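I have placed the structure first, in the form of structure tokens, so that the comments after it can refer back to it.
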2 protein chains.
Amino acid sequence: MHEQAPYLRFADELRKRIEDQEWTPGERLPSRAQLAEECGVTDGIVRRAQEKLIAEGVLTGRAGSGTYVAEPRERVRVVRSPERERTSGSAFEADMAALGKRATWESRSDAMVPAPADIAARLGIPEGDYCVRTTYEYLANDKPVQLSTSWEPYSITAGSLVVMPEAGPLAGEGVVRRMAEVGIKVTRAAERPEPGHADAEEANLLGIQKGALVTRIQRTYYSDGGRAVETADIVVPTALCEIVYDVSFGS
Amino acid sequence: MHEQAPYLRFADELRKRIEDQEWTPGERLPSRAQLAEECGVTDGIVRRAQEKLIAEGVLTGRAGSGTYVAEPRERVRVVRSPERERTSGSAFEADMAALGKRATWESRSDAMVPAPADIAARLGIPEGDYCVRTTYEYLANDKPVQLSTSWEPYSITAGSLVVMPEAGPLAGEGVVRRMAEVGIKVTRAAERPEPGHADAEEANLLGIQKGALVTRIQRTYYSDGGRAVETADIVVPTALCEIVYDVSFGS
DNA sequence: TCGAATTTGTGCGTATGTATC
DNA sequence: GGATACATACGCACAAATTCG
């Protein structure tokens, strides 16, 4: 057998001492220099051990401040199923209602944004065609839990009351109802979840560690004619949300 | 603005030279020492630049052999929807048939395995109760693309023809049909996808880089009485598979 | 078959940058 | 602004895997 590396041994020691409540969640650990001297290891060993525990979500590091025991934040359950589209209001509101939390969101829309190549491909339109782009930040009890960027071809809703997703009479009612307003029946969505890491901006917006694991969902809504009418990139941080796909079937 | 770190600059240079086909997919790059001297940077810079490109999936490294341009492997599309359960045969076979690939799998079942705490909780049974555990390796055209470990309470199927998932008359027919054999109507499944990294063993089995991104899906089937009858951990490597949840809804 | 040379992978200490107090 | 703390980048040494004579 291989002998374990010093920094791995020390990571195990730290993990154990945290489990034993030597430091409680939210509490600051001694500085690296202190820990190093106290435990008879070098500064570098401590750093690498802490890096590992940070990646595991056990610790969080704040530059200039210290290293803290991560507070076990309750994860918000997000259910994704066809039922979501049948209820009124947004699916996010329904999820939060089920958890007894207050659902709010902030959004910013830009009309007339030329579609980049990948978005154009997903929407089945020529690259550069104008789109309405909306970025969202979803909050549960005022704490951010999810991000999303939505793209709709401008040509579909131009001139109607629902051009802007978060303005007008159907604000916040979801793609299905808004598209019904312009005579389009949306019958299907495809969701493509892919794992990834939070970049600096995402980490900042969501209040999580940079590099933390996230699921990026590419969601596209299709009309009954099979035409893509909206596509979105949804960022779901693992530390804050639990995704559940509900798959129900008859006999 | 910040000036970019040397290893990031060199990573960009390497990326560009690869895009320019200086080395074609599958081809070996010069060794670190050669590249370092040739480009006037240190050995460490080259290594870190290559590490970054390996994480991005642009390169793959093989110890003792060299660093190679990653071959753009076609990703297998795995569709997850209620329809999967209505067709005969396994859902994996249906997915591969849609792609014109041959679906095969290897499995190994152990009866009478005591349920660990997390599995017991998911199945709603006491910890330590016996389960039938089956591990799978799924192959598309003989190349592994997915792993899975399935758990069923032994008490449900004990004494029947379908105790072992991959033996008997309904081998390979899926949970829904097998459970029907013992009088249980399975009507619902919940899937919980979570991002993660491949460990050494998974990377080995799947032929991917250690630490590569994967989606781990916790899937649980429920009977019409709401009882959990099977739960599985499915490992889906991002490099090899594309997951699509098909969400269809009426008006 | 075996061993030496080569190549990548891992671990570690130091120097420097940057945020916080 | 100074002191302190974590974050990033870097070079070196050694281990592990492979290759080849």
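Naming: A, B, ... by sequence-line order, numbering from 1 per chain. Every heavy atom of this structure was used, including side-chain atoms; hydrogens, water molecules and symmetry mates were not. On a predicted model such as this, the values are computed, not experimentally measured, just so you know.
When the C1' atom of C/dA15 is taken as reference, atom CD1 of B/Ile45 falls 14 Å away, rounded to whole Å. Look at CG on A/Leu59: it is 10 Å from P on D/dA7, rounded to the nearest Å. Between A/Asp43 atom CG and D/dA5 atom P the separation is 11 Å, expressed in whole Å. B/Ile54 has its CD1 atom 9 Å from the C1' atom of C/dG9, to the nearest Å.
In the set C/dG11, D/dC10, C/dT8, the nucleotide with an atom closest to the side chain of A/Tyr7 is C/dG11. The side chain of A/Arg47 lies closest to D/dA9, out of D/dA9, C/dG9, C/dG11. The side chain of B/Ala5 approaches D/dC10 more closely than any other nucleotide in the set D/dC10, D/dT8, D/dT18. Side chain of B/Pro6, nearest nucleotide from D/dA9, D/dC10, C/dG11: D/dC10.
Sparse packing is recorded around CD of B/Glu74, with 12 or fewer heavy atoms of other residues, nucleotides or ligands lying under 6.0 Å away. No more than 12 heavy atoms of other residues, nucleotides or ligands lie within 6.0 Å of OH in B/Tyr130, so this atom counts as exposed by the packing criterion.
Residue B/Glu51 is the one, among A/Gly64 and B/Glu51, whose nearest nucleotide of DNA chain C lies closer to the 5' end (criterion: closest heavy atom). Comparing A/Gly44 and A/Tyr68, the nucleotide of DNA chain C nearest to each residue sits closer to the 5' end for A/Gly44.
Residue A/Thr67 has a polar side-chain atom (N or O) positioned under 4.0 Å from OP1 or OP2 of D/dC6. When the side-chain nitrogen and oxygen atoms of A/Lys210 are compared with OP1 and OP2 of D/dC6, none of them lie within a distance under 4.0 Å. When the side-chain nitrogen and oxygen atoms of A/Thr42 are compared with OP1 and OP2 of C/dG13, one or more of them lie within a distance under 4.0 Å.
Side-chain to base pairing of A/Arg48 with C/dG13: one donor and one acceptor N or O lie within less than 3.5 Å of each other.
Judged purely by atom type and a 3.5 angstrom limit, B/Thr231 uses its side chain to pair as donor or acceptor with the backbone of B/Arg219.
A salt bridge does not link B/Lys210 with B/Glu202: none of the charged nitrogens is closer than 4.0 Å to a carboxylate oxygen. Between B/Arg17 and B/Glu38 there is a salt bridge, since at least one side-chain N of the basic residue sits less than 4.0 Å from a carboxylate O of the acidic one.
Listed by residue number, the members of residues 18-39 of chain A with any heavy atom below 4.0 angstrom from DNA chain C form an empty set.
Both tests pass for A/Arg62 against the ring of A/Tyr68: distance under 6.0 Å to the centre and angle within 45° of the axis.
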Kindly determine whether A/Arg75 and B/Glu194 satisfy salt bridge (charged side-chain N to carboxylate O under 4.0 Å, His left out), including the steps that lead there.
CA-CA 13 Å; A/Arg75 291 175 73 195; B/Glu194 299 221 337; 2.7 Å; yes

